[in-house]
4 protein chains.
Amino acid sequence: MTGTRETILDEALRLFAQKGIRETTVRDIAKAVGITEGAIYRHFDSKDQIVHELFGRYSSMLYETLDRVIKNTASDRERFSKVVRSFLEFAFKNPDAFKFLNIFHYLRGKEVRRFKRIPVLLIRELLSDMRAKGILNQDPDFALAVMIGTLERVFLYKTMGILRGRREEIASLTADNLWRFLVECGKS
Amino acid sequence: MTGTRETILDEALRLFAQKGIRETTVRDIAKAVGITEGAIYRHFDSKDQIVHELFGRYSSMLYETLDRVIKNTASDRERFSKVVRSFLEFAFKNPDAFKFLNIFHYLRGKEVRRFKRIPVLLIRELLSDMRAKGILNQDPDFALAVMIGTLERVFLYKTMGILRGRREEIASLTADNLWRFLVECGKS
Amino acid sequence: MTGTRETILDEALRLFAQKGIRETTVRDIAKAVGITEGAIYRHFDSKDQIVHELFGRYSSMLYETLDRVIKNTASDRERFSKVVRSFLEFAFKNPDAFKFLNIFHYLRGKEVRRFKRIPVLLIRELLSDMRAKGILNQDPDFALAVMIGTLERVFLYKTMGILRGRREEIASLTADNLWRFLVECGKS
Amino acid sequence: MTGTRETILDEALRLFAQKGIRETTVRDIAKAVGITEGAIYRHFDSKDQIVHELFGRYSSMLYETLDRVIKNTASDRERFSKVVRSFLEFAFKNPDAFKFLNIFHYLRGKEVRRFKRIPVLLIRELLSDMRAKGILNQDPDFALAVMIGTLERVFLYKTMGILRGRREEIASLTADNLWRFLVECGKS
DNA sequence: CATGAATGAGTTTTCATTCAT
DNA sequence: AATGAATGAAAACTCATTCAT
């Protein structure tokens with residue numbers, strides 16, 4: 001079955017998001033998949049390879065999503081809004097992946113350099129462009145902090161049940177507010 | 001020497017923030033302190049006790065700081081501003097502690113319940129009060145997401161060298177902007 | 001294809017000689033042959049069977065070669081010389097086999113008893129006969145040590161590029177010298 | 001006890017010589033020492049470190065012995081004789097070490113480069129000097145093959161009970177014969 | 001014959017914790 | 001209080017072998 005490799009990745013992702021990378025053992029993954037530890041190593045050279053493949057895969061996936069949105073949207077306002085909503089949509093649809101990406105960034109940030117297609121860099125560019133065009137009334141890096149920080153926490157609080165409401169509504173609300181905060185509000 | 005206990009906590013904190021909790025061994029801590037592993041257990045029952053003591057201690061420290069500010073400030077605007085600036089001041093002055101608190105929240109969130117004096121809860125109350133008073137133009141939980149998310153990322157980006165400028169300036173800027181975003185901006 | 005079995009033996013021999021027996025995995029062999037691990041077991045019951053078959057085969061091959069030379073040569077001097085040269089010729093032509101035989105002798109000497117036609121025993125007999133005839137001026141077992149030791153090292157140093165010259169010349173030189181050392185030199 | 005480290009080395013050496021390096025497990029060593037596997041790692045970083053320390057240690061020991069003999073002996077004949085006898089004395093007194101050095105050379109020859117003080121190189125120099133002085137009637141590298149090969153096999157056959165007699169007698173006999181073979185015998 | 005996936009026992013290594021001194 | 005040695009359980013990883021297809 002060619003699906004075993006994917007199953008391993010899926011289960012590993014779920015466990016990593018749930019318990020952390022270090023606290024998930026290869027045996028945990030194997031048990032979740034329904035195979036023995038040794039079988040894992042037919043598909044991956046090491047636990048770390050699983051981690052890196054997951055990071056690369058989901059990091060790229062979010063990157064591509066945002067990249068497509070940015071390239072295919074004409075209006076500035078619509079582009080910004082769609083980026084925010086696509087970002088949250090990705091997080092809501094792949095909560096384990098999103099949590100995992102954050103954990104990886106937090107604990108193994110140095111290894112992130114090895115990867116291309118880091119979503120945050122794309123958003124940084126977007127904000128820099130907006131600043132260059134005079135749309136953005138903020139230091140783009142400060143705006144980046146507001147934007148990414150907000151997105152992360154909105155996801156977290158929705159996941160924890162603190163924020164209520166339908167996902168799309170939350171996403172729209174977040175998009176609208178961030179636009180108002182960063183663009184429409186008086187100059188900094 | 002009673003100072004050894006404190007040294008253990010300091011070095012443990014530094015290592016936890018740098019490498020993660022699971023990835024820091026008791027031997028790492030002992031080596032950093034300049035004693036042997038066994039000696040650690042003269043001061044603590046377990047590695048987990050160190051972790052919990054650190055979390056409790058710094059969580060309380062930030063909590064007390066914010067609590068004092070909230071209680072001792074008359075004006076709403078000033079209170080909000082001081083909370084933001086104190087929060088960032090704490091993070092900038094105790095970067096390892098702040099990183100550690102975040103790691104602990106992220107990976108061992110369930111254990112957080114055992115602790116009282118969680119800073120975020122204090123801020124949540126503050127925002128709820130502001131909402132009740134009609135000052136805040138947002139769902140307080142959404143505002144919490146914006147605020148905490150922004151603070152975390154501002155700290156992170158300043159630490160990483162992405163955000164430049166003096167700490168106090170960054171803190172003031174953050175405080176002013178968050179106030180404008182959450183309070184002055186048009187109703188949501 | 002019956003050739004697969006032979007290919008397995010060939011590749012296994014090469015790897016055993018290169019890396020050692022224990023350090024060569026069944027997977028290594030399979031990969032070298034261009035089949036999968038499972039297929040190996042269609043041809044052999046176990047890795048050990050491959051090892052034993054190789055040992056038996058090449059041990060016999062050298063044995064037969066020497067035996068033929070001993071039986072078909074009339075003069076003592078010529079017989080001795082041909083034994084030495086045939087021995088080295090075998091080693092030079094089958095360097096992997098010769099290395100493998102030595103490794104097996106060294107690490108699994110006890111298993112050698114199960115095999116008949118051990119080349120060294122043939123040479124021991126030859127030297128004993130020479131001693132009985134009064135040709136050999138040495139304890140035959142000491143002579144055996146000189147002879148086998150020299151042959152092994154001559155092969156090794158030629159393989160390593162330390163000894164230079166054409167193989168046949170080296171073989172002749174070795175044969176002549178050993179004869180002079182063991183036979184012509186003054187009594188021990 | 002500071003002796004544990006030495007005991008580990010001693011037992012490891014014994015087992016490596018008896019069964020081979022790869023076929024000796026860390027558990028085997030621990031059991032022989034009377035401790036648990038984990039305790040081994042308080043004294044050594046890895047099994048390989050034990051292997052390398054043993055090789056370096058005994059390789060040096062033999063090297064120093066030969067070096068001292070070479071430097072402190074005036075007459076050529078006596079020097080040569082003493083080198084041979086010291087070499088065999090070392091092998092007879094440290095049979096496990098000598099077997100281990102051979103195994104290591106055979107299976108992990110490439111790693112030998114990392115070490116200085118390789119005994120064979122010392123003997124090679126000795127023979128080169130003898131050749132330069134006109135004492136040696138042979139290509140020094142061929143003489144090296146005869147000499148080292150003979151010494152190795154003499155040790156082996158004595159160990160196996162094939163060669164009989166007192167060690168000193170065997171050593172003297174070997175020294176005398178090698179001198180006669182390589183020096184006194186007619187030119188090659 | 002061959003594949004490719006899997007097993008299961010074993011190997012090396014790690015690490016929080018204990019304990020005699 | 002502190003050391004240094006050791007434990008024991010568990011982690012990551014290896015590999016000869018089996019088996020359904």
Side-chain angles (χ1 to χ4, degrees), chain A residues 1-5 7-8 22-30 33-51, chain B residues 1-5 8 21-30 33-51, chain C residues 1-5 8 21-30 33-51, chain D residues 1-5 7-8 22-30 33-51:
Chain A
M1 220 203 321
T2 179
T4 299
R5 194 170 196 279
T7 310
I8 292 170
R22 201 62 178 253
E23 21 283 288
T24 298
T25 70
V26 174
R27 167 164 299 190
D28 288 337
I29 300 169
V33 174
I35 55 179
T36 56
E37 286 166 84
I40 299 275
Y41 289 90
R42 173 160 296 275
H43 300 280
F44 298 94
D45 288 339
S46 65
K47 181 182 167 183
D48 240 47
Q49 199 196 317
I50 299 178
V51 171
Chain B
M1 221 201 320
T2 180
T4 300
R5 195 170 195 280
I8 292 170
I21 298 168
R22 207 56 185 278
E23 24 282 287
T24 298
T25 69
V26 173
R27 168 171 288 201
D28 288 336
I29 300 169
V33 174
I35 56 179
T36 56
E37 293 158 89
I40 300 271
Y41 288 86
R42 194 67 43 187
H43 300 278
F44 298 94
D45 290 339
S46 67
K47 180 183 170 184
D48 244 44
Q49 198 195 320
I50 298 177
V51 172
Chain C
M1 223 203 320
T2 178
T4 300
R5 196 170 194 279
I8 292 170
I21 298 169
R22 207 55 184 278
E23 23 283 288
T24 297
T25 70
V26 173
R27 169 171 286 200
D28 288 336
I29 300 169
V33 174
I35 56 179
T36 56
E37 294 159 89
I40 299 271
Y41 288 86
R42 194 66 45 184
H43 299 280
F44 298 93
D45 290 339
S46 68
K47 180 182 171 185
D48 244 44
Q49 198 195 320
I50 299 178
V51 172
Chain D
M1 218 202 325
T2 179
T4 299
R5 195 170 194 279
T7 310
I8 292 169
R22 200 63 177 249
E23 22 282 289
T24 298
T25 69
V26 173
R27 167 164 298 190
D28 289 336
I29 300 170
V33 174
I35 54 179
T36 57
E37 289 165 85
I40 299 276
Y41 289 89
R42 173 159 295 274
H43 300 281
F44 298 94
D45 290 339
S46 65
K47 180 183 168 184
D48 240 47
Q49 199 196 319
I50 299 179
V51 171

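Here, F:dT21 and E:dC1 have their P atoms 23 Å apart, quoted to the whole Å.
In this structure, OG1 in D:T24 is found 9.0 Å from CZ in C:R22, a value given to the nearest 0.5 Å. Here OG1 of B:T4 is found 9.5 Å from CD1 of B:I40. Values are rounded to the nearest 0.5 Å. A distance of 10.0 Å separates CD1 of D:I50 from CG of D:D45, quoted to the nearest 0.5 Å.
The overall bend of the helix from E:dA2-F:dT21 to E:dT21-F:dA2, read as the angle between its terminal helix axes built from five base pairs each, is 20° when rounded to 10 degrees.
If you find the closest nucleotide of DNA chain F to B:I35 and to D:I40, the one lying nearer the 5' end belongs to B:I35.
Between E:dG4 and A:H43, no contact under 4.0 Å exists linking OP1 or OP2 to a side-chain N or O. At the phosphate of F:dA1, neither OP1 nor OP2 sits under 4.0 Å from any side-chain N or O atom of B:T4.
Per the geometry, CD1 belonging to A:I8 stands 10 Å off P belonging to E:dA5, to the nearest Å. Atom CD1 in D:I29 sits about 11 Å away from atom C1' in E:dT12, given to the nearest Å. The nearest whole Å value for the distance from the CZ atom in A:F44 to the C1' atom in E:dA6 is 15 Å.
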Expected string for nucleotides 14-21 of chain E under the B/S/- scheme (protein heavy atoms, under 4.0 Å, primed atoms plus P, OP1, OP2 as sugar-phosphate) is BBSBB---
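Closest of all the heavy-atom pairs between B:I21 and B:K47 is O-NZ, 3.0 Å. In plain terms, the two heavy atoms of B:T36 and B:A30 that are nearest each other are C-CB, 3.6 Å. The shortest non-hydrogen separation linking D:F44 to D:R5 is CE2-NH2, 3.3 Å.
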request  = Output, in order, the C-alpha distance, side-chain angles, deciding distance and verdict of side chain to side chain contact (heavy atoms under 4.5 Å, CB included) for D:I8 and D:I35.
outcome  = CA-CA 10 Å; D:I8 292 169; D:I35 54 179; 4.2 Å; yes
